[in-house]
Amino acid sequence: MKGKYSFASRQLALVSKQIIRLNQHSSGGYAASPLFSHYTFSWLRDGSFIAYSMDVAGEIESAELFYQWVNRVLFRQQERIEHLLQKHERGESIEQHEFLHTRYHLDGRDDDHSEWGHFQLDGYGAWLWGLAEHCKEMGLTVLPECYQKSVELTVRYLCAFWQQPNFDCWEERNDQLHPSTLACIYGGLQAIQRLSEFVELDEVCADIHQFLLDHAVHKEAGHFVKSIRLAPEKDHYELSFDGVDASLLWLCEPFHVFAPEQPNMAATIAKIESDLKTSQGGIRRYISDEYYGGGEWILLTAWYGWVCHRAGKDEEAGQALQWIINQTDDLGRLPEQVPHALPELKVYEQWVERWGPPAMPLLWSHAMYLVLNSQLNE
């Protein structure tokens, strides 16, 4: 497998690193998509995976700049976090607008003047995981002192609120819980524990693991589901979307909540392949997705390739890599998604009329390409 796509892969890897470097603010934040007005912010979730991709591509200084950017953002939020934790301990109600934001201006300021779906926990878990991976890349076995306070705040925040309904990674369904979000939290807490002294994290991670098995598995089909919610009687959880979402791949890679051969994970991967993988080879988000018509996403196709690689299916992983390469424009840029497999374009055209074409370039797309490319061709 190695080297099969080496020339095209190397070219796109060079372009991807250049695009990411050019769109990193001097403060460290990555613009999610510099030419798409709704994405000219830096998300903790997207940014953590972008920084990880730069680490695996040998651009360690870029990754460090991002992690330090988040470090400063969180340090400024410490009073807010302490206030939230105190309210939680007293059993007081907390409105969603009170929680930390999911994205920030490139200079680190809060995004206070938009109605974006801000309360998301996945980015804070992803940041802990990415920071731990970054430290490993630098040969560190202990968390640097400069990160201690922000990490401690983040850990306490996630441990307190991991069962709080919040927006998923697509900024949707804020009244529900999402296995992909729980995967980010699990992976972040597990990873950062190796560099710190948070002895209680094993118990929290075990609780998340068991919670997913108890509440997020389709009883008949055996696969994990996109999302769950507390039933009206508030005495049990029910499936709110009993199909799959491609972000469920995160349960396998990179957060290792479940191995690809674990029965529920294997059933989830098979369901993603049957429901969300198109005949052209790209991966959609979920069945009823209407955002730009529900096209094939670059980053999710890369994720599928990553999981295939872990499962030893490098032929499928290589096909995913080649499909991604085929989606570049003449400048080597990758979009967020493509409409090529849509059965009809009416909804897609409505979104284009409303917001313009899908985001291009999307840094997260380039990042996940770099990750998959590093798995197969480096």
Side-chain angles (χ1 to χ4, degrees), residues 32-33 35-39 43 45-46 49 102 116-117 120 122 167-176 178-181 218 221 223-229 239-251 268-308 316 319-320 323-324 326-329 333-369 372:
S33 184
L35 303 179
F36 192 72
S37 61
H38 303 281
Y39 291 3
W43 272 256
R45 174 191 55 250
D46 306 30
F49 291 120
T102 187
W116 204 260
Q120 297 172 45
D122 53 6
F167 288 96
D168 67 9
C169 59
W170 314 127
E171 275 90 28
E172 299 172 345
R173 300 171 181 267
N174 63 314
D175 60 338
Q176 299 166 28
H178 316 284
S180 60
T181 294
H218 192 288
H223 59 75
F224 292 106
V225 298
K226 173 178 171 61
S227 53
I228 62 174
R229 64 184 163 211
L239 308 186
S240 55
F241 190 106
D242 61 6
V244 291
D245 187 300
S247 64
L248 289 167
L249 294 167
W250 301 359
L251 291 164
T268 303
I269 296 169
K271 184 71 170 171
I272 289 170
E273 289 173 333
S274 66
D275 289 4
L276 304 180
K277 184 179 181 182
T278 73
S279 59
Q280 298 189 20
I283 303 292
R284 301 174 61 204
R285 296 197 300 179
Y286 55 92
I287 283 288
S288 56
D289 184 14
E290 292 191 353
Y291 183 55
Y292 281 97
E296 302 158 286
W297 281 56
I298 307 301
L299 66 95
L300 292 174
T301 306
W303 234 296
Y304 172 69
W306 194 359
V307 170
C308 286
E316 290 88 340
Q319 290 169 354
W323 181 88
I324 294 169
N326 293 344
Q327 309 315 310
T328 57
D329 70 0
R333 300 178 302 175
L334 289 169
E336 181 177 63
Q337 60 172 294
V338 295
H340 309 322
L342 294 179
E344 57 93 14
L345 294 175
K346 181 178 179 181
V347 176
Y348 173 80
E349 290 167 349
Q350 290 171 349
W351 276 98
V352 171
E353 183 177 351
R354 177 182 176 188
W355 276 9
M360 163 98 82
L362 187 80
L363 268 65
W364 197 4
S365 294
H366 284 279
M368 296 313 301
Y369 169 77
L372 181 58

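Treat the numbers as computed from the prediction; the structure is a model and nothing was measured. Starting from 1, each residue takes its place in the sequence as its number.
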Just distance, no hydrogens or angles: give the donor-acceptor pairs under 3.5 Å from side chains in residues 343-351, sequence neighbours left out.
| from | atom 1 | to | atom 2 | distance (Å) |
| --- | --- | --- | --- | --- |
| E344 | OE1 | K346 | N | 2.8 |
| W351 | NE1 | E290 | O | 2.9 |

For residues 292-302, which side-chain N or O atoms pair as donor and acceptor with protein atoms under 3.5 Å away, sequence neighbours left out?
| from | atom 1 | to | atom 2 | distance (Å) |
| --- | --- | --- | --- | --- |
| Y292 | OH | G356 | O | 2.5 |
| E296 | OE2 | T278 | OG1 | 2.4 |
| E296 | OE2 | G282 | N | 3.1 |
| T301 | OG1 | I283 | N | 3.0 |
| T301 | OG1 | W297 | O | 2.8 |

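Remark: D46 pairs with no residue by the side-chain hydrogen bond (donor to acceptor under 3.5 Å, both in side chains) rule, at least two apart or across chains. For Y304, there are no ring pair (Phe, Tyr, Trp, His ring centres under 6.0 Å) partners at least two apart in sequence or on another chain. For L239, the side-chain contact (heavy atoms from CB on, under 4.5 Å) partners two or more places apart in sequence, or in a different chain, are H218, V225, I228, D242. Qualifying ring pair (Phe, Tyr, Trp, His ring centres under 6.0 Å) partners for Y39, counting only residues two or more places apart in sequence or in other chains: F36, W43. For the side-chain hydrogen bond (donor to acceptor under 3.5 Å, both in side chains) test, residues two or more places apart in sequence or in another chain that qualify with S247 are S180, D245. Not counting sequence neighbours, S37 has no partner by the side-chain contact (heavy atoms from CB on, under 4.5 Å) test. Residues passing the side-chain hydrogen bond (donor to acceptor under 3.5 Å, both in side chains) test with R284: none are found, sequence neighbours excluded. Under the side-chain contact (heavy atoms from CB on, under 4.5 Å) criterion, N174 pairs with Q96, F167, sequence neighbours left out. With sequence neighbours excluded, no residue forms a ring pair (Phe, Tyr, Trp, His ring centres under 6.0 Å) with H366. Listed by chain and number, the residues in a side-chain hydrogen bond (donor to acceptor under 3.5 Å, both in side chains) with R285 are D289 (sequence neighbours excluded).
Two residues are said to be in side-chain contact when any heavy atoms from C-beta on lie closer than 4.5 Å; P361 and L35 meet this criterion. Residues P358 and Y291 fail the side-chain proximity criterion, which asks for heavy atoms closer than 4.5 Å.
Shortest non-hydrogen contact noted between W306 and L372 is N-CD1, 3.7 Å. Nearest heavy atoms, Q280 versus W323: O-CD1, 3.0 Å. Shortest non-hydrogen contact noted between R173 and S240 is NH1-O, 4.1 Å.
Interatomic distance, L248 CG to F224 CZ, rounded to the nearest 0.5 Å: 8.5 Å.
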